[in-house]
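The block underneath contains the structure these notes are about, expressed in structure tokens.
Only heavy atoms go into these numbers, but all of them, side chains included; no hydrogens, no water, no symmetry mates. Just so we're on the same page: letters track the sequence lines, and every chain starts at 1.
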Protein chains: 2
Amino acid sequence: MTNQLDNFFSALADPTRRAVVERLTQGPAAVSALHDGHDMALPTFLRHLKVLEESGLVTSTKKGRVRTVHIEAAPLRILDDWLARHRDLWDARLDRLTRLAEAMEESDADDPI
Amino acid sequence: MTNQLDNFFSALADPTRRAVVERLTQGPAAVSALHDGHDMALPTFLRHLKVLEESGLVTSTKKGRVRTVHIEAAPLRILDDWLARHRDLWDARLDRLTRLAEAMEESDADDPI
DNA sequence: GAGTTGGTTAGTCATATTGCTAAGTATTGA
DNA sequence: TCAATACTTAGCAATATGACTAACCAACTC
């Protein structure tokens, strides 16, 4: 019953993994290149990559001894859609509140304290 | 060094908590009302609310014995900005790939197999 | 073919997360 | 005032997460 969104959000909850995703938006990169600059043992870093890959946010292919990691488009779209949906609801709510505030102001004008 | 985004993303990684956020986009609600429909002991559910509140995604106020929970706008904006930033980068990358593909098609036309 | 490079596997440890029950507090309503 | 309602706290158990080291394999490079 675990949603795809569960995996996307929890994958992105870690700063190391977000950094990897950010880096990958600029193009694919090898594991060791991605690891560079992260003060963390390689096996630990690899676990993060595995989490990203299992979530579907990235894919990877191995050629020779080099594994190259690529970002996936679809998940970003799904995340975006979720957020967009709630952005809309929020905006609608804001509108209602605005109208309410206006209505209250009017009624204040009609019938002050 | 934990980013605000860490908390937003990990708070939203749980389906129960996402459901609460979705519900709250329609307006504030009391704890017991929010709990309704979630097959989960109340203390467990309260823990989820606490996570949401500590992340800053929601706030709550207590009046009498009823605690009312409200959604916060700012975090959704921050999340949206992060995603938008990467949507842009991704789009840019897509554009580059598209141009590359076109270039390759052209060179194929010039010099087929 | 010996060493180096790039990644992988296995195993351990500490802490965090997510669920529970049991028991408590504080309002509110009869 | 007594009982019901609406949380709240405390404490426990199981699993997940994030870090490490040590040891390993596979593919280049000399």
Are Thr61(A) and His70(A) linked by a side-chain donor-acceptor pair shorter than 3.5 Å?
yes

Please give, in whole Å, the distance from [N] [atom2] to [X] [atom1]?
| X | N | atom1 | atom2 | value |
| --- | --- | --- | --- | --- |
| Asp14(A) | dT17(C) | CG | P | 12 Å |
| Lys62(A) | dT5(C) | NZ | P | 17 Å |
| Arg47(B) | dA16(C) | CZ | P | 12 Å |
| Lys63(A) | dG6(C) | NZ | C1' | 16 Å |
| Leu46(B) | dT21(C) | CG | C1' | 15 Å |
| Leu49(A) | dT9(C) | CG | C1' | 15 Å |

Can you give me the first and the last nucleotide of DNA chain D (5' to 3') that has an atom within less than 4.0 angstrom of a non-hydrogen atom in chain A?
dG18(D) to dC28(D)

Heavy atom of residues 29-45 of chain A under 4.0 Å from DNA chain D: which residues?
Met40(A), Ala41(A), Pro43(A), Thr44(A)

Please tell me if the side chains of [X] and [Y] come closer than 4.5 Å, counting only heavy atoms from C-beta onward.
| X | Y | result |
| --- | --- | --- |
| Arg23(B) | Leu34(B) | yes |
| Leu57(B) | Leu12(B) | yes |
| Val20(A) | His48(A) | no |
| Leu46(A) | His35(A) | no |

Would you call the rings of Phe9(B) and Trp82(B) parallel, tilted or perpendicular, where under 30° means parallel and over 60° means perpendicular?
perpendicular

Between Arg65(A) and Ser10(A), which is nearer to the 5' end of DNA chain D once each is assigned its nearest nucleotide?
Ser10(A)

Treating Arg67(B) as the side-chain partner and Val31(B) as the backbone partner, does any N or O pair qualify as donor plus acceptor under 3.5 Å?
no

What's the shortest heavy-atom distance between Ser55(A) and Asn7(A), and which atoms?
CB-O, 3.7 Å

